[in-house]
Amino acid sequence: MPARNIITITTDFGVRDHFVGAMKGVILTINPEVNLLDISHDVASYSVVDGAFTIAQAYTYFPSETVHLVVVDPGVGGERRPILVQAGRHYFVGPDNGVFSFIYEREERVTVRHITASHYFLQPVSRTFHGRDIFSPIAAWLTKGIDAANFGEPISDYRRFANLNPKMESENLAHGIVLKADKFGNLITNFSIALFPQFVQPKAPVFQLEINGQLLTRLHNTFDEGAPGETFVIVGSSGYLEIVCNGASASRSLKAASGDDIVLTFQ
Amino acid sequence: MPARNIITITTDFGVRDHFVGAMKGVILTINPEVNLLDISHDVASYSVVDGAFTIAQAYTYFPSETVHLVVVDPGVGGERRPILVQAGRHYFVGPDNGVFSFIYEREERVTVRHITASHYFLQPVSRTFHGRDIFSPIAAWLTKGIDAANFGEPISDYRRFANLNPKMESENLAHGIVLKADKFGNLITNFSIALFPQFVQPKAPVFQLEINGQLLTRLHNTFDEGAPGETFVIVGSSGYLEIVCNGASASRSLKAASGDDIVLTFQ
Amino acid sequence: MPARNIITITTDFGVRDHFVGAMKGVILTINPEVNLLDISHDVASYSVVDGAFTIAQAYTYFPSETVHLVVVDPGVGGERRPILVQAGRHYFVGPDNGVFSFIYEREERVTVRHITASHYFLQPVSRTFHGRDIFSPIAAWLTKGIDAANFGEPISDYRRFANLNPKMESENLAHGIVLKADKFGNLITNFSIALFPQFVQPKAPVFQLEINGQLLTRLHNTFDEGAPGETFVIVGSSGYLEIVCNGASASRSLKAASGDDIVLTFQ
């Protein structure tokens, strides 16, 4: 059985400052044996949706019992609750602001607890850095084998985003959005292969994808099947349609970014 | 007892190049069991003050006996000495250029040694990369249990910055500076709560903070107590007053940066 | 004997997205005991040459049997082969696109295998993220002690760059290039000390180095031997001549970048 000794960390704190280092120190002071892994600290500042997507794309690859610490927390110190999520084989610790929405959607067994066991917190708790003072200690104590039930009671009114999935206007017309532009400028859409399996059939569908007034109709298997500079669609490694450009940034060429509308139509 | 098996690393080397990787390789070759943690590699280039602040904000959270390697070293290869600092429960290795000034100020028991035991260095020692050739091996040998006294003799004329604290012009007037603008554009000042405890009293003080010709008079507890776009003061998680803007960058809105003057007056 | 339990990772994936996190999860699921070290994830996007230089400058410092995972892979999903390289005391896993060229040149004992053992891959293999689906699992299984021969047959027609070395036009005239501009704007050239040992002799050579229409004739030992703002030559910590500027970016002051031509002449 894999032990509960891995903590992944996802934040929008950047790596310029001391924030992430302080969190790691807090964790190692509680459990010096833990294995700390960074997912990303460059989630778009204050973007809960970007944080939600980032952890959703990474967590499934980790061993059972991994603890995923996610601190994208623009409401820190306000009324949003700190939560501990058990979902499938994994644990998640972070604020109740929707950052675990994709996980709630994907996993069948989900328990969400409001963290109230303040004797586990780093005292005094600051008003602006719960990543260090609340979430890091809870994650660390989890890896010491403390049972999740000790940290707080289950809740059912936790926050989740409603509009992560495309809206089917008809059988042949769907409205979606750009979930994020990745480092290469690839535009990851919310059109998943689970919803649109025709994109991975041997015979590609006849489709039209409209974004920012431009129409895309080509589906390729790989980046280098596109002509240099061509903008086209691929089935991305995350299981979503991506709008990409061979050797260049589709985000730049289409002036498109996270949140932009996309219309997908089939003939 | 925590073993001496953690090394944190703080540099201005960035993460684009091979520099940090080479340092980690040198350390692991000497001690494959060590636990390596990055604090930041994006200290402002050549800024000893920024490096000093970054390590000062992170080290206290780490376990006893942690070795903190700090390489912000614009004078590398020149006359500045390599030093090994024992301060409180921690070890520090780096150049004698003031980068440990905050630590000298905070810790009561401080021993600073001039590192001269060149048989521990990676030979031949380059003239421009002592992070790899001198500081990393010393940090690694420390974690192997070599006693600090073996690396060099204590010195008392080590370098420390004089002006880290605000100047009290009178009981109600203090001149300070911006220590750094963090990733979010929050301006961390050198007005500490230790010096100005009235900012954490139940009854907030009546004050005026002047920076770049603008006057701030509002103190809030959390970011989201501010109106969207409002610039105000909070007690930051580092124990210093911070000038912040709800959901935006105070650095940008005030055109302010590290080193800028601030005048604090009380009524 | 050092065990095969360290994996270094070098990519152009950046640290904004989930890519590197997913790779680390795949590796830890196969071998939870492995020690994961980042060399860089900010290799210039799509630049196989920059990736080649980065790993070449870092790998020699790591212990024997280290596995170096290098994913700078603009041709992912196309015809380029996945390869496993044994060179000297190290293992390398990545695409056969020249990214290991410096290693082929430096090491005497080199075996390159075409990775074909698809039962070790993460299934289904995506067309655009072999870093996660092919290279990470192979690196992880290597650290579990699987013999390299199990992953595929040796090949001899692997790809290597031809023009990494300067061209000697005559005994006193050489044409070279800028290999990379590092984070500080130092221009690392391909004039190595191995080829030009006169630069480390007690008596410095009389030379002229031309780049972008400007002539440099000064050699200094350290950065701070240069006057503030002076642009000059040093023997860099990588064993190559570097064009640097004291306290500033030579890349900016000379408007020079990776790939730019340099002419070196001796009197």
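Every value quoted in this text rests on a predicted model; they were computed, and no experiment measured them.
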In terms of heavy-atom proximity below 4.5 Å to chain B, should [X] be classed as side chain, backbone, both, or neither?
| X | value |
| --- | --- |
| A:L36 | side chain |
| A:V76 | both |
| A:I30 | neither |

Student check: side-chain heavy atoms of A:L28 and B:N35 closer than 4.5 Å: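 A side-chain contact under 4.5 Å exists here.
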
Given heavy-atom pairs under 4.5 angstrom as the criterion, report whether the side chain, backbone, both or neither of [X] touches chain A.
| X | result |
| --- | --- |
| B:I234 | side chain |
| B:T8 | neither |
| B:F53 | side chain |

So, for [X] and [Y], which heavy atoms are closest and what is the spacing to 0.1 Å?
| X | Y | answer |
| --- | --- | --- |
| A:A22 | B:A58 | N-CB, 4.3 Å |
| A:D17 | B:A181 | OD1-O, 4.4 Å |
| B:S40 | A:V15 | OG-O, 2.6 Å |
| A:T29 | B:F62 | OG1-C, 3.4 Å |
| A:D12 | B:K183 | O-NZ, 2.5 Å |

Salt bridge (Lys or Arg N to Asp or Glu O under 4.0 Å) against A:R81, all qualifying residues, sequence neighbours excluded: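 With neighbours one apart ignored, the set is A:D96, A:D157.
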
Set of residues satisfying salt bridge (Lys or Arg N to Asp or Glu O under 4.0 Å) with respect to A:D50, sequence neighbours excluded: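 Checked A:D50 against salt bridge (Lys or Arg N to Asp or Glu O under 4.0 Å); matches are A:K180.
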
Going from [atom1] on [X] to [atom2] on [Y], what distance comes out if it is rounded to the nearest 0.5 angstrom?
| X | Y | atom1 | atom2 | value |
| --- | --- | --- | --- | --- |
| B:D182 | A:F13 | CG | CZ | 10.0 Å |
| A:D133 | B:Y61 | CG | OH | 6.5 Å |
| B:N186 | A:T128 | CG | OG1 | 8.5 Å |
| B:I6 | A:K24 | CD1 | NZ | 12.0 Å |
| A:H18 | B:S237 | NE2 | OG | 5.0 Å |

Might you confirm whether atom [atom1] of [X] has over 12 heavy atoms from other residues, nucleotides or ligands at distances under 6.0 Å?
| X | atom1 | result |
| --- | --- | --- |
| B:Q201 | CD | yes |
| A:R127 | CZ | no |
| A:E79 | CD | no |

Heavy-atom pairs under 4.5 Å with chain B, option from A:G14, A:G25, A:G78, A:G77 with the top count: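 Top count of heavy-atom pairs under 4.5 Å with chain B: A:G25.
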
Positions in residues 238-255 of chain B that reach chain A, provided some heavy atom is under 4.5 Å away: B:S238, B:G247, B:A248

Part of residues 217-226 of chain B lying next to chain A, heavy-atom separation under 4.5 Å: B:N221, B:T222, B:F223, B:D224

